[in-house]
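Have a look at this one before I ask anything.
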Amino acid sequence: MARGRGRWLLPTRLLNVCLAALCRGGSLAAAESVLVDAIRLGLPPDVVTYNTLLAAHCRAAGLEAGLAVMGRMREAGVEPDAVTYNSLIAGAARRGLPIHALDLFDEMLRAGIAPDSWSYNPLMHCLFRSGHPEDAYRVFADMAEKGIAPCDTTYNTLLDGMFRAGYAMNAYRMFRYLQRAGLPVSIVTYNTMINGLCSSGKVGYARMVLRELGRTDHAPNIITYTAVMKCCFKYGRFEQGLDTFLSLLDRGYISDVYPYCTVISALVKKGRLGEANNYCDLMLQNGSRLDSVCYNTLIHMRCQEGKLDDAFELVSMMEDGGLESDEYTFAILVNGLCKMGHIEAAEKQLFYMEIKGMQSNVVAYNCLVDALCKFQEVDAAIRLLQCMKLKDDFTYTSLVHGLCRVGRYHMASKFLRICLREGNNVLASAKRAVIAGLRSSGFKNDLRKVRSVKPKRNKIKHHGKLQTSPLVGERYRLSMCTKPPLTGVCLALDFVGKIDWV
DNA sequence: TTAGGGTTAG
């Protein structure tokens with residue numbers, strides 16, 4: 001090209017600004033045609049041009065689309081940089097693909113590109129969310145060993161991950177440490193804490209953190225209020241939760257679907273279906289794009305109304321709109337079908353779920369186990385339980401109650417002992433039913449065995465997902481931390497390091 | 001470019 005570099009410097013920057021604006025506005029096709037025009041005019045796109053497009057494609061269409069842009073940039077002689085890989089790792093993380101994210105991270109290291117905290121943050125986030133906290137911790141340790149300073153997002157991701165992995169008090173102690181050490185604590189940190197503490201049942205601590213937030217300069221936002229509402233609904237302060245929602249609505253603070261879904265699902269749970277429908281209409285009038293969580297909420301509402309045809313129509317609408325049914329959708333449908341007595345149709349849904357290879361199907365299975373027990377088909381429930389890869393407290397509570405209901409106390413006590421030995425538990429009412437049944441039918445031996453069984457320490461389960469083998473380790477270059485070099489990190493690592501990883 | 005809030009079962 002005859003044109004000198006200096007002459008094109010400004011136009012390339014302008015091209016990038018223009019592309020970024022188009023991508024932000026969701027006009028990807030327009031951005032692509034601007035790029036075609038620019039190349040035709042002899043204007044050279046640079047790494048920023050491609051990174052802008054790559055991030056937008058990744059967000060809109062997923063990782064594959066992002067990788068295609070990386071292919072195009074290489075063909076054009078533009079080499080990817082840290083930003084390219086960070087966007088791809090984030091793309092993989094958003095889609096819940098930890099192996100892909102780790103592969104990209106590894107590829108980045110092999111290419112000699114130095115990762116920064118934006119390479120690590122989505123990787124950690126994705127590993128925590130996909131039920132691999134021990135790997136997320138290794139990633140954090142690796143970051144510390146390489147001397148990369150964590151940013152506020154790193155700490156927030158770590159806190160959120162610790163809550164998800166079941167280590168609420170470690171997260172709480174780390175939050176206090178961040179405050180003492182003068183490390184970044186923002187409204188995001190407060191929201192993570194309030195939400196995590198509420199979800200793990202530490203309502204008193206949550207209230208304390210909320211009061212503290214009121215004394216700081218950080219302004220609570222819609223995320224804070226949604227977390228508070230959810231906590232009210234969960235812990236018996238229904239009207240207070242609803243009042244919070246209504247006052248936010250009055251003041252015009254509700255601009256997205258999150259608070260709507262929270263309140264609709266709470267109303268459905270209470271059986272207040274009329275009000276749930278009203279807020280559903282408001283949410284639709286609001287004009288926000290419905291995502292899969294919104295659809296799941298609406299499908300659940302239709303199922304609870306007994307309108308299964310409408311529920312399935314919503315599933316079709318959702319899929320036609322390019323959204324996929326997830327494990328929630330299936331669990332909701334299986335539950336809805338069971339409640340209406342359509343056991344065979346529910347079994348069919350479970351079968352689809354298996355074919356789709358969905359990781360977490362324990363809730364859907366539990367719904368069917370419970371329904372079979374309620375219809376006094378306990379032998380079928382036992383057969384189903386034997387097919388389940390993962391069983392939890394819900395599974396055994398339904399079965400034990402079901403067996404007691406039909407007077408099979410010996411069998412109920414057998415499953416209760418298996419359950420306790422596996423590190424699971426049942427509701428106190430199920431345990432009481434077994435003991436009362438054994439006593440009244442004179443099964444003294446079983447009674448003694450049930451009383452003497454020592455429950456195994458409960459394993460941490462990550463959102464009902466099966467624990468899989470570590471993803472980081474032999475296969476990847478990430479190494480365990482030996483001597484963390486940064487002061488702030490040392491102590492943060494200490495909080496995670498004390499966790500007894502299962 | 002990157003993080004935080006909303007959906008299911010006993």
Side-chain angles (χ1 to χ4, degrees), chain A residues 20 23 48 51-52 54-56 58-59 66 81-91 93-94 116-125 151-161 163 186-196 198-199 221-230 233 256-266 268-269 283 291-301 303 326-336 338-339 360-371 373-374 392-402 425-427 429-430 464:
Chain A
C23 289
V48 178
N51 283 345
T52 307
L54 184 145
C58 246
R59 199 172 265 285
D81 64 3
V83 177
T84 321
Y85 276 101
N86 291 353
S87 297
L88 289 170
I89 292 169
R94 261 196 305 271
D116 58 20
S117 69
W118 301 121
S119 326
Y120 283 97
N121 294 338
L123 193 55
M124 266 171 59
H125 184 241
C151 63
D152 52 350
T153 302
T154 317
Y155 291 117
N156 293 336
T157 306
L158 203 52
L159 288 173
D160 181 60
F163 278 117
S186 64
I187 185 64
V188 178
T189 322
Y190 276 99
N191 287 346
T192 307
M193 290 307 298
I194 292 164
N195 194 51
C198 284
S199 310
N221 58 20
I222 190 67
I223 297 175
T224 325
Y225 291 118
T226 308
V228 170
M229 263 166 53
K230 203 185 161 193
F233 293 138
D256 65 21
V257 293
Y258 285 72
Y260 281 111
C261 289
T262 312
V263 81
I264 293 169
S265 77
V268 170
K269 220 168 244 155
M283 177 169 81
D291 63 10
S292 60
V293 176
C294 295
Y295 274 105
N296 287 341
T297 308
L298 300 185
I299 294 165
H300 180 53
M301 186 173 82
C303 284
D326 59 13
E327 62 231 49
Y328 285 92
T329 323
F330 277 98
I332 289 163
L333 290 173
V334 169
N335 186 42
C338 285
K339 291 275 157 13
S360 175
N361 53 16
V362 66
V363 179
Y365 267 100
N366 284 346
C367 293
L368 188 53
V369 167
D370 190 58
C373 289
K374 296 241 161 80
D392 62 11
D393 299 7
F394 284 84
T395 328
Y396 286 108
T397 300
S398 293
L399 185 67
V400 167
H401 261 314
N425 211 337
V426 293
L427 281 184
S429 61

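Below, chains carry the letters A, B, ... as their sequence lines are ordered, and counting in each starts from 1. Since the structure is predicted, the reported quantities are computational estimates derived from the model, not experimental observations. Values reported hereafter were calculated over all heavy atoms of this structure, with side chains retained and with hydrogens, waters and symmetry mates removed.
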Listed nucleotide nearest any side-chain atom of Thr297(A), set dG5(B), dT7(B), dT1(B): dT7(B)

Thr397(A) side-chain N/O to Leu427(A) backbone N/O, donor-acceptor pair under 3.5 Å: yes

Polar contact flag, side-chain donor to acceptor under 3.5 angstrom, Ser119(A)-Asn86(A):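 Asn86(A) and Ser119(A) do have a side-chain donor-acceptor pair below 3.5 Å.
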
Side-chain donor/acceptor of Asp291(A) to base of dG6(B), under 3.5 Å: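 When only heavy-atom distances are counted, Asp291(A) does reach the base of dG6(B) through a donor-acceptor pair under 3.5 Å.
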
Sugar-phosphate, base or nothing in reach of Cys294(A), heavy atoms under 4.0 Å: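 Answer is base: heavy atoms of Cys294(A) come under 4.0 Å of a base.
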
Test applied, side chain to side chain donor-acceptor pair (under 3.5 Å); reference residue, Asn366(A); option that passes from Asp393(A), Thr395(A), Asn335(A):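 So the option named by the test is Thr395(A).
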
Lys269(A) side chain near dT8(B) phosphate (N/O to OP1/OP2, under 4.0 Å):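 For dT8(B), OP1 or OP2 has a side-chain N or O of Lys269(A) closer than 4.0 Å.
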
Phe394(A), nearest nucleotide to its side chain (from dG5(B), dT8(B), dG10(B)):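 That would be dG10(B).
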
base_contact_polar (dG10(B) base, Asp392(A) side chain, donor-acceptor, <3.5 Å): no

Donor-acceptor pair, side chain of Asn121(A) and main chain of Ser117(A), under 3.5 angstrom: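 Indeed, once roles are kept as given, a pair shorter than 3.5 Å links the two residues.
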
Check: Asn156(A) side chain, Asp152(A) main-chain N or O, donor-acceptor pair, under 3.5 Å: yes

Sugar-phosphate only, base, or nothing, as touched by Asn51(A) at under 4.0 Å among non-hydrogen atoms: nothing

From dG10(B), dG5(B), dA3(B), nucleotide with atom closest to Asp393(A) side chain: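 Of the options given, the side chain of Asp393(A) lies nearest dG10(B).
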
Sugar-phosphate only, base, or nothing, as touched by Asp160(A) at under 4.0 Å among non-hydrogen atoms: sugar-phosphate

Distance below 4.0 Å between Lys339(A) side-chain N/O and dA9(B) OP1 or OP2: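 Checking dA9(B) against Lys339(A), no side-chain N or O comes under 4.0 Å of OP1 or OP2.
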
Side chain of Val83(A) (C-beta onward), nearest among dT7(B), dT1(B), dG5(B): dT1(B)

Touch class at under 4.0 angstrom, heavy-atom based, for Ala227(A) against every strand present: nothing

Per Ala331(A) side chain, nearest of listed nucleotides dA3(B), dA9(B), dT8(B):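 Ranking dA3(B), dA9(B), dT8(B) by closest atom to the Ala331(A) side chain puts dT8(B) first.
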
Interatomic distance where CD1 belongs to Ile222(A) and P belongs to dG6(B) [whole Å]: 13 Å

Phe330(A) CZ to dT7(B) C1', straight-line distance once rounded to whole Å: 15 Å

Atom pair distance, as rounded to whole Å: CE in Met193(A) and C1' in dA3(B):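 Going from Met193(A) (CE) to dA3(B) (C1'), I get 16 Å.
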
Spacing between Met301(A) atom CE and dT7(B) atom P, to the nearest angstrom: 15 Å

Separation of dT7(B) P from Met283(A) CE (nearest whole Å): 12 Å

Aro-ring/base stack Tyr328(A)-dT8(B), d under 5.5 Å, angle under 30°: no

Separation of atom CG in Leu123(A) from atom P in dT1(B), rounded to whole Å: 21 Å

Sugar-phosphate, base or nothing in reach of Leu399(A), heavy atoms under 4.0 Å: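 If one applies the 4.0 Å heavy-atom cut-off, Leu399(A) turns out to touch nothing in the nucleic acid.
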
Short side-chain N/O contact to dG5(B) OP1/OP2 from Asn195(A), under 4.0 Å: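 Yes, Asn195(A) has a side-chain N/O under 4.0 Å of OP1/OP2 on dG5(B).
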
From dG6(B), dA3(B), dT1(B), nucleotide with atom closest to Tyr258(A) side chain: dG6(B)

Ile332(A) CD1 - dA9(B) C1' separation (whole Å):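 Those two atoms, CD1 and C1', are 11 Å apart.
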
Side-chain donor/acceptor of Thr397(A) to base of dG10(B), under 3.5 Å: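 It does, because a donor-acceptor pair links the side chain of Thr397(A) to the base of dG10(B) below 3.5 Å.
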
Minimum-distance nucleotide to Ser265(A) side chain [options: dG5(B), dA9(B), dT8(B)]: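 Looking only at heavy atoms from C-beta outward on Ser265(A), the closest nucleotide is dT8(B).
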
Pair Asn221(A)-Thr224(A), side-chain donor/acceptor within less than 3.5 Å: yes

Touch class at under 4.0 angstrom, heavy-atom based, for Asp152(A) against every strand present: nothing

Nucleotide nearest Ile223(A) (side chain, heavy atoms from C-beta), chosen from dA3(B), dT7(B), dG5(B):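 So the side chain of Ile223(A) is nearest to dG5(B).
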
Euclidean distance, Asn361(A) CG relative to Cys367(A) SG, rounded to 0.5 Å: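 If I round to the nearest 0.5 Å, the distance is 11.0 Å.
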
Gap between atoms NZ and P, on Lys230(A) and dT8(B) respectively (whole Å):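 Roughly 9 Å, once rounded to whole Å.
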
